Amino acid sequence: MGNTVTCCVSPDASPKLSRARGGGAAPGPDRWADAYQAAAAAGGGGSGSAEAESGDSDPGGGGGPHLQHISDREFPDDLALESNPSDHPRASTIFLSKSQTDVREKRKSNHINHVSPGQLTKKYSSCSTIFIDDSTVSQPNLRSTIKCVTLAIFYHIKNRDSDRSLDIFDEKSHPLTREEVPDDYYKHDPDHKHIYRFVRTLFSAAQLTAECAIVTLVYLERLLTYAEIDICPSNWKRIVLGAILLASKVWDDQAVWNVDYCQILKDITVEDMNEMERHFLELLQFNINVPASVYAKYYFDLRSLADDNNLSFLLEPLSKERAQKLEAISRLCEDKYKDLSKAAMRRSFSADNLVGIRRSNAILS
């Protein structure tokens with residue numbers, strides 16, 4: 001962020017990119033969250049540590065500044081929590097609703113023109129072979145997840161409501177490369193492959209995970225909702241970069257520092273990265289919390305998006321070893337909920353005894 005509560009202005013490379021050479025331990029998600037909360041308590045965009053130190057005293061007598069936890073903050077009245085998909089698990093994701101228009105038109109066109117789906121490339125299970133993919137909500141497939149996230153960004157740009165933007169994200173005002181930005185740069189929508197190559201390059205160079213890609217999409221939709229802007233040809237690269245930068249710091253135990261992104265994008269400066277991160281956080285109102293329910297909703301909506309656009313996940317035949325592992329995990333969950341249901345039927349059962357419920361051990365070897 002470029003202020004005294006972060007280390008993004010360090011001239012050294014981060015442990016994330018230097019860990020193969022024996023780099024030290026990187027700050028974990030808790031440290032980044034504490035730093036962002038300290039900045040929020042200090043008044044937002046990096047006005048210095050003096051304001052943070054002069055905050056209200058702890059009512060418990062601790063003497064230190066009182067920092068409200070990010071999950072305890074009250075949302076502004078003009079932000080309806082129920083309708084914000086990045087905050088509420090029951091609200092429909094924006095990218096999925098924006099993609100449905102194209103999906104319906106494609107299906108209608110195929111029906112009217114009697115277009116054959118062609119040769120089926122999807123593998124289907126049979127009595128002798130069961131095909132499954134290696135992507136789960138807890139361990140998503142990296143390549144497939146990036147493809148789905150970039151497809152969601154593509155639909156955001158293509159079906160945007162208008163071209164509302166901010167100067168900090170404008171590529172003409174803050175170019176990412178030394179190449180001259182064309183005068184009509186705001187007129188041409190990027191295709192899916194272009195967006196995918198940009199995101200894949202960042203994830204590959206920074207060694208980011210698939211989970212980070214999902215959190216990136218959550219932050220992106222949260223920014224568009226909170227700041228009331230649109231992602232369009234003139235700002236999509238910097239918005240995506242800012243979301244990736246923030247998601248990698250919050251999610252990854254060994255986060256990539258801003259100076260390392262300057263090594264990936266050779267022509268961008270650390271000062272520009274710091275300023276963009278600071279504005280991104282301010283526009284998010286320092287709300288970097290992603291509940292598990294929201295994360296799961298985005299994962300399954302991305303899978304629905306992939307299915308609607310024929311983006312198949314890699315399928316492999318179910319092996320005997322993996323079947324045994326899945327069966328063991330299923331037995332574990334089945335026994336757990338069986339015991340919980342028995343406990344719930346006993347009206348006089350004390351909640352204190354729930355700690356001692358027997359659970360079967362899953363043998364995965």
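Given the structure is predicted, the values throughout are model-derived calculations rather than measurements. Along the sequence shown, residues are numbered consecutively beginning with 1.
Partners of Asp301 under the salt bridge (Lys or Arg N to Asp or Glu O under 4.0 Å) rule, at least two apart in sequence or in another chain, do not exist in this structure. For Asp161, the side chain to side chain contact (heavy atoms under 4.5 Å, CB included) test picks out Lys98, Asp230, with sequence neighbours left out. Taking Lys297 as the reference, nothing meets the salt bridge (Lys or Arg N to Asp or Glu O under 4.0 Å) condition, with sequence neighbours excluded. Residues passing the side chain to side chain donor-acceptor pair (under 3.5 Å) test with Ser99: none are found, sequence neighbours excluded. Here Phe198 pairs with Trp236 under the ring pair (Phe, Tyr, Trp, His ring centres under 6.0 Å) rule; sequence neighbours left out. With sequence neighbours excluded, no residue forms a salt bridge (Lys or Arg N to Asp or Glu O under 4.0 Å) with Asp184. With sequence neighbours excluded, no residue forms a side chain to side chain donor-acceptor pair (under 3.5 Å) with His279. Asp189 meets the side chain to side chain donor-acceptor pair (under 3.5 Å) test with Arg160; sequence neighbours excluded. Residues passing the side chain to side chain contact (heavy atoms under 4.5 Å, CB included) test with Asp167, sequence neighbours excluded: Ser173, His174. For the side chain to side chain contact (heavy atoms under 4.5 Å, CB included) test, residues two or more places apart in sequence or in another chain that qualify with Leu142 are Ile146, Phe203, Ala210. With sequence neighbours excluded, the residues that form a salt bridge (Lys or Arg N to Asp or Glu O under 4.0 Å) with Glu327 are Arg331.
Val215 and Phe300 fall within the same hydrophobic cluster, defined by Ile, Leu, Val, Met, Phe, Trp and Tyr side-chain heavy atoms under 4.5 Å apart, directly or through other members. Val149 is not connected to Ile94 by any chain of hydrophobic side-chain contacts under 4.5 Å among Ile, Leu, Val, Met, Phe, Trp and Tyr, and they are in different clusters. The hydrophobic cluster containing Val181 does not contain Leu176, counting ILVMFWY residues as joined when their side-chain heavy atoms lie under 4.5 angstrom apart, directly or transitively.
Asp191 and Tyr196 form no side-chain donor-acceptor contact under 3.5 Å, judged by distance and modelled atom types alone. For the residue pair Tyr155/Asn309, the side-chain donor-acceptor check at 3.5 Å is satisfied. Under the 3.5 Å distance criterion, with hydrogens and angles disregarded, a donor-acceptor pair is assigned to the side chains of Asn258 and Asn274. When only modelled atom types and interatomic distance are considered, Tyr299 and Ser138 share no side-chain donor-acceptor pair under 3.5 Å.
The closest donor-acceptor contact from the side chain of Thr150 to the backbone of Lys147 lies under 3.5 Å. Side-chain atoms of His156 do not come within 3.5 Å of backbone N or O of Leu220 as any donor-acceptor pair.
Taking 4.5 Å as the limit, every side-chain heavy atom of Trp251 sits out of range of all side-chain heavy atoms of Val290. Put simply, the side chain of Phe95 does not reach to within 4.5 Å of the side chain of Ile153, judged on heavy atoms. Considering only heavy atoms from C-beta on, Leu202 stays 4.5 Å or farther from Leu208 through its side chain. Residues Leu302 and Leu217 meet the side-chain proximity criterion, which asks for heavy atoms closer than 4.5 Å. Counting heavy atoms from C-beta outward, Asn235 and Glu171 have side chains that stay 4.5 Å or more apart. Side-chain contact between Leu281 and Ile288 is present, with heavy atoms from C-beta onward closer than 4.5 Å. In this structure the side chain of Asp267 never reaches within 4.5 angstrom of the side chain of Pro175, judged on heavy atoms. In this structure, Pro140 and Ile214 have side chains that are in contact, with non-hydrogen atoms separated by less than 4.5 Å.
Contact detail for Phe280 and Leu246: the closest heavy-atom pair is CD2-CD2, 4.0 Å. Ser86 approaches Val218 most closely through the heavy-atom pair CB-O, 3.6 Å. In terms of heavy atoms, Val256 sits closest to Ala206 at CG2-O, 3.6 Å. Across Asp87 and Arg222, no two heavy atoms sit closer than the pair OD1-NH2, 3.2 Å. Considering all non-hydrogen atoms of both residues, Arg238 and Ile168 come closest at NE-O, 2.8 Å. Counting all heavy atoms, side chain and backbone alike, Leu284 lies closest to Tyr226 at O-CE2, 3.3 Å.
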Practice item. Kindly determine whether Glu275 and Glu271 satisfy side-chain contact (heavy atoms from CB on, under 4.5 Å), including the steps that lead there. Key: CA-CA 6 Å; Glu275 183 184 7; Glu271 292 75 18; over 6 Å; no
**Study point:** Steps toward side-chain hydrogen bond (donor to acceptor under 3.5 Å, both in side chains) verdict (Asp170, Tyr185)
**Key:** CA-CA 10 Å; Asp170 189 272; Tyr185 69 106; 3.1 Å; yes
Point to revise | Verdict with supporting geometry, Ile195 and Val240, side-chain contact (heavy atoms from CB on, under 4.5 Å) | key: CA-CA 9 Å; Ile195 302 173; Val240 171; 5.6 Å; no
Point to revise | Stepwise side-chain contact (heavy atoms from CB on, under 4.5 Å) check, Leu245 with Lys249 | key: CA-CA 7 Å; Leu245 167 68; Lys249 288 185 176 182; 3.9 Å; yes
Practice item. Test Tyr186 against Cys232 for side-chain contact (heavy atoms from CB on, under 4.5 Å), laying out the working first. Key: CA-CA 7 Å; Tyr186 58 92; Cys232 51; over 6 Å; no
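To the nearest 0.5 angstrom, Asn287 atom CG is 12.0 Å from Leu223 atom CG. Atom OG of Ser92 sits about 8.5 Å away from atom CD of Gln100, to the nearest 0.5 Å. Once rounded to the nearest 0.5 Å, the distance linking OG1 of Thr225 with CG of Leu283 reads 12.0 Å. Expressed to the nearest 0.5 Å, how far CG of Leu96 lies from CZ of Arg303 amounts to 14.0 Å. The line from CG of Leu311 to CG of Leu305 is 7.5 Å long, rounded to the nearest 0.5 Å. Within the model, atoms NZ of Lys187 and OG of Ser234 stand 13.0 Å from one another, a figure rounded to the nearest 0.5 Å.
A salt bridge links Lys172 to Asp183: one of the charged nitrogens lies within less than 4.0 Å of a carboxylate oxygen.
Legend: salt bridge (charged side-chain N to carboxylate O under 4.0 Å, His left out) pairs involving residues 197-221, not counting sequence neighbours: none detected.
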